[in-house]
Amino acid sequence: MSTAPDTPDTRAIAPAALSGTHKTSGLGLRPARILLYVLLVFFCLYYLLPLYVMVVNSLKPLGEITAGGMMALPKDWTLAPWGSAWSSAQVGVEATGLRPYFLNSIIMVVPAVACSTLVGALNGYVLTKWTFKGATILFGLLLFGCFIPFQMVLIPMARMLGLMGLAGSVPGLIFVHFVYGIGFSTLYFRNYYAAFPTELVKAAQIDGAGFFRIFWRILLPSSGPIAVVCVIWQFTNIWNDFLFGASFSDFDSQPMTVALNNLVQSSTGVKEYNVHFAGAIMAALPTLLVYIVAGRYFVRGLMAGSVKG
């Protein structure tokens, strides 16, 4: 009876070979990884440099800025520019600061985001679970509305607001942003609900649940990730909008972005750069806070709706 020739134990050789290969590849990638980290740190610092300049100069007296020390840390720390930008800076005709316009933006953003998100969720629910003839065409028209440039709708929208009696008012701005946001919110929720099991909806129908009960009890409670995506997207776009605010508001209903522009443009004599920097940070803080609080759910919600659609 023949026996196999003596051969080296491959089980003993393989781990060593693999281990050596792993160490070699790790040593080869280490310089590239270090270079990558250096580049990332460089671009991060470059990106944050304007924010550093804004924050530092908003805490300085004006004399330190005009003396040429824009990049240096303050010698005399002060919050006076923030107080002036908030309550006493010259914005247009009156020295009201940015406070009333900040409130205008809050009053405008909250209902516009809430209404467009809710209507988008209903549209996505209908387009995926209660399909009807022409649903694809309707969805295509909603998508087409997402890509219409703002400038094309200024005159028709101004005409409609005039006929509705909403021209130059905060409710008019709410209506504009609500209508313009329906297309995006519908797109998000439609793609998200397309991956939702239709069997659950059919089972609820068999148990006697109607249209709105299925929506409120089954779909909407499971829509947290995509709702966060929609809220962040809508909040950022509406808060940062300048064109609609400048076109459809009067002096008393101007949002924060328009008031900030007026703050810079209406300054006479010496430019109060420290006040301008403080006002710019105030205008950016709400969107920054939204991303800090809910930003980690943004990519998660986008990926949740990318399986089907």
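Given the structure is predicted, the values throughout are model-derived calculations rather than measurements.
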Counting only heavy atoms not in [X], do more than 12 sit closer than 6.0 Å to its [atom1] atom?
{"X": "Tyr273", "atom1": "OH", "value": "no"}
{"X": "Met160", "atom1": "CE", "value": "no"}
{"X": "Phe132", "atom1": "CZ", "value": "yes"}
{"X": "Phe242", "atom1": "CZ", "value": "yes"}

Testing the basics here: between [X] and [Y], what is the closest heavy-atom pair and its distance to 0.1 Å?
{"X": "Gly183", "Y": "Cys146", "value": "C-SG, 3.2 Å"}
{"X": "Ile65", "Y": "Met70", "value": "CG2-CE, 3.9 Å"}
{"X": "Val109", "Y": "Ile238", "value": "CG2-CG2, 3.6 Å"}
{"X": "Gly279", "Y": "Leu260", "value": "C-CD1, 3.6 Å"}
{"X": "Ser253", "Y": "Asp250", "value": "OG-OD1, 2.8 Å"}
{"X": "Asn262", "Y": "Val91", "value": "CB-CG1, 4.0 Å"}

Is [Y] reachable from [X] through a run of I, L, V, M, F, W or Y residues, each pair having side-chain heavy atoms under 4.5 Å apart?
{"X": "Leu49", "Y": "Leu39", "value": "no"}
{"X": "Leu289", "Y": "Val55", "value": "no"}
{"X": "Leu79", "Y": "Met282", "value": "yes"}
{"X": "Leu36", "Y": "Tyr46", "value": "no"}
{"X": "Tyr52", "Y": "Val41", "value": "no"}

### Task
List the steps, then state whether side chain to side chain contact (heavy atoms under 4.5 Å, CB included) holds for Glu199 with Lys202.
CA-CA 5 Å; Glu199 291 76 10; Lys202 293 181 178 179; 5.6 Å; no
Separation between [atom1] of [X] and [atom2] of [Y], rounded to the nearest 0.5 Å:
{"X": "Phe244", "Y": "Thr257", "atom1": "CZ", "atom2": "OG1", "answer": "12.0 Å"}
{"X": "Lys60", "Y": "Asp76", "atom1": "NZ", "atom2": "CG", "answer": "11.5 Å"}
{"X": "Leu118", "Y": "Phe189", "atom1": "CG", "atom2": "CZ", "answer": "8.5 Å"}
{"X": "Leu98", "Y": "Leu103", "atom1": "CG", "atom2": "CG", "answer": "11.0 Å"}
{"X": "Tyr37", "Y": "Cys44", "atom1": "OH", "atom2": "SG", "answer": "14.0 Å"}
{"X": "Ile182", "Y": "Leu187", "atom1": "CD1", "atom2": "CG", "answer": "13.5 Å"}

Is the shortest side-chain heavy-atom distance between [X] and [Y] below 4.5 Å?
{"X": "Phe102", "Y": "Pro286", "result": "yes"}
{"X": "Val229", "Y": "Tyr192", "result": "no"}
{"X": "Thr96", "Y": "Tyr101", "result": "yes"}
{"X": "Leu59", "Y": "Thr78", "result": "no"}
{"X": "Val153", "Y": "Tyr180", "result": "yes"}
{"X": "Ser223", "Y": "Phe196", "result": "no"}
{"X": "Arg30", "Y": "Arg33", "result": "no"}
{"X": "Phe277", "Y": "Pro81", "result": "no"}

### Message
Under the side-chain hydrogen bond (donor to acceptor under 3.5 Å, both in side chains) definition, can you give me all pairs with a residue in residues 115-130, not counting sequence neighbours?
### Response
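Found Ser116-Gln234, Asn123-Thr186, Tyr125-Trp130, Lys129-Thr198.
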#### Entry: side chain to side chain contact (heavy atoms under 4.5 Å, CB included) evaluation trace for Tyr193 with Leu127
CA-CA 9 Å; Tyr193 289 153; Leu127 292 172; over 6 Å; no
### Task
May I ask you to decide if the ring planes of Trp239 and Phe235 are parallel, tilted or perpendicular, using 30° and 60° as cut-offs?
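It falls in the parallel class, under 30°.
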### Task
Measure the acute angle between the ring planes of Phe184 and Trp233, then classify it against the limits of 30° and 60° as parallel, tilted or perpendicular.
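Geometry flag for Trp233 against Phe184: tilted rings.
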### Query
Step by step, would you call Val290 with Val231 a side chain to side chain contact (heavy atoms under 4.5 Å, CB included)?
CA-CA 9 Å; Val290 167; Val231 167; 5.5 Å; no
Quick check: does any side chain N or O of [X] sit under 3.5 Å from a backbone N or O of [Y], one acting as donor and the other as acceptor?
{"X": "Ser105", "Y": "Met256", "result": "yes"}
{"X": "Asn104", "Y": "Gln254", "result": "yes"}
{"X": "Ser84", "Y": "Ala80", "result": "no"}
{"X": "Asn274", "Y": "Pro61", "result": "no"}
{"X": "Glu64", "Y": "Lys75", "result": "yes"}

#### Entry: Qualifying residues under side chain to side chain donor-acceptor pair (under 3.5 Å), relative to Ser58, sequence neighbours excluded
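Trp82.
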In a table with atom names and distances, give each donor-acceptor pair under 3.5 Å that connects a side chain of residues 163-176 to protein atoms at least two apart or in another chain.
residue : atom : partner : partner atom : Å
Ser169  : OG   : Leu166  : O            : 2.7
Ser169  : OG   : Gly172  : N            : 3.2

